[in-house]
2 protein chains.
Amino acid sequence: MVTSRTLAGPCRAWPEESTFIREVLDRIGDKWTVLVVTTLSDEPLRYSDLQASVPGISQRMLTVTLKALERDGLLTRTAFAEVPPRVVYELTDLGRSLADAVMALAAWAATHHEQVAASRAAHARSGVGREKTRHALARPTGPATS
Amino acid sequence: MVTSRTLAGPCRAWPEESTFIREVLDRIGDKWTVLVVTTLSDEPLRYSDLQASVPGISQRMLTVTLKALERDGLLTRTAFAEVPPRVVYELTDLGRSLADAVMALAAWAATHHEQVAASRAAHARSGVGREKTRHALARPTGPATS
DNA sequence: CAGAATCCCCACGGATACTG
DNA sequence: CAGTATCCGTGGGGATTCTG
């Protein structure tokens with residue numbers, strides 16, 4: 001890992017690659033999308049099942065999220081014309097590939113969240129809200145740029 | 001890929017793993033964090049350089065983002081006590097590992113964004129805003145659940 | 001059951017001005 | 001240069017109500 005630095009690539013002015021990143025993050029950035037996608041990665045579910053499987057979600061956000069995901073071809077919506085309506089949502093191959101990518105990120109989180117929590121706690125212990133705790137200075141006299 | 005479905009894992013009630021995912025997504029969910037982290041993955045930069053390298057960012061958001069990342073141990077802040085102040089931000093190993101994970105997600109985006117765009121365009125062509133376009137029904141008579 | 005529609009709040013974030 | 005402090009607009013999203 002940690003190969004990105006050694007790339008020394010010309011990422012300078014954010015040519016256009018960042019557009020793709022934003023496109024994905026705008027989609028999975030909100031919590032509901034992630035929860036819905038990962039939940040559906042297990043198996044297809046109907047509306048009410050999803051609402052049950054994703055604890056805090058409101059009907060509104062569930063509907064909005066599902067529509068957006070359908071629009072982007074990440075899942076399919078199948079409605080059955082039965083007397084009590086039944087609608088099943090299932091990830092497409094595209095959706096599952098995204099789910100895998102998200103899982104990879106989740107793996108990172110599971111691996112490193114302790115370090116993050118530790119660092120967060122350390123900063124909390126040093127002054128955060130209390131008092132005007134000035135940032136510590138490195139190399140008081142400074143080496144001067146060049 | 002697409003292994004997540006075959007897991008058939010007990011993700012049911014989102015035990016606690018989702019917490020980690022959220023923790024990460026809450027961090028990289030906003031556009032600025034991603035842009036800052038990926039920008040710094042190339043090389044350490046000072047405040048003004050970052051502001052220049054990340055086009056649309058305001059001082060406020062740059063500061064807020066940097067503080068959050070420092071708090072989480074993803075980057076280090078080094079201030080030099082010179083007459084014109086100089087502060088350099090550099091990713092930690094932890095930060096670089098996150099950057100790599102984000103890059104992986106970017107790779108997914110670069111690979112699949114066309115499919116997403118296509119699907120999005122297709123949905124735009126079928127009725128979205130115009131008229132009340134009812135959803136098509138699958139299997140009009142329905143097979144009944146079981 | 002599966003949504004659509006409406007109201008409404010507040011936190012995220014931009015713009016601006018000031019400071020060490 | 002490298003921030004901090006303040007004001008304020010916008011829209012994301014929850015709660016509620018109604019429909020096919």
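Residue numbers start from 1 in every chain, and the chains themselves are labelled A, B, ... in the order their sequence lines are given, proteins ahead of strands.
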Axis deviation across the helix from dC1(C)-dG20(D) to dG20(C)-dC1(D), five-pair ends, to the nearest 10°: 40°
N/O donor-acceptor pair under 3.5 Å between T111(A) side chain and A107(A) backbone: yes
Atom-pair distance (CG on L45(A); P on dC1(C)), nearest Å: 15 Å
Nucleotide dA2(D), atom C1' - distance to CG of D49(B) in whole Å: 12 Å
Protein-to-nucleotide contact annotation, 5' to 3' order, nucleotides 12-17 of chain D [B base; S sugar-phosphate only; - none; under 4.0 Å, heavy atom]: -BBBB-
Validation row: L35(A), I57(A) side chains within 4.5 angstrom (heavy atoms): no
Given dA2(C), dA2(D), dA4(C), the nucleotide with the shortest approach to the side chain of Y47(B): dA2(D)
Residue list, side chain to side chain donor-acceptor pair (under 3.5 Å) with T63(A), at least two apart or on another chain: Y47(A)
Partners meeting side-chain contact (heavy atoms from CB on, under 4.5 Å) with D49(B) (sequence neighbours left out): L45(B), R46(B)
L62(B) CG to dA5(D) P, straight-line distance once rounded to whole Å: 16 Å
Pairwise side-chain contact, L94(A) with H112(B), heavy-atom cut-off 4.5 Å (strictly under): yes
Length of the CZ-P vector between R77(B) and dC1(D), whole Å: 16 Å
S48(A) vs dC1(C): side-chain N/O to OP1/OP2 distance below 4.0 Å: no
Whole-Å gap separating C1' (dA2(C)) and CD (Q51(A)): 9 Å
Any side-chain heavy-atom pair of I28(A) and L98(A) under 4.5 Å: yes
Contacts of H113(B) that satisfy side-chain contact (heavy atoms from CB on, under 4.5 Å) - sequence neighbours left out: F20(A), E23(A)
Nearest-angstrom distance from the residue atom CG of D26(A) to C1' of dG11(D): 14 Å
Sequence-distant partners of R120(A), salt bridge (charged side-chain N to carboxylate O under 4.0 Å, His left out), two or more places apart: D72(B)
Atom-pair distance (CG on L66(A); C1' on dA2(C)), nearest Å: 11 Å
Gap between atoms OH and C1', on Y89(B) and dA2(D) respectively (whole Å): 8 Å
side-chain N/O K67(A) vs dG3(C) OP1/OP2, d < 4.0 Å: no
Close side-chain approach of V34(B) and R22(A), heavy atoms under 4.5 Å: yes
Proximity to the side chain of P85(A) - top-ranked nucleotide from dA4(C), dG20(D), dA2(D): dG20(D)
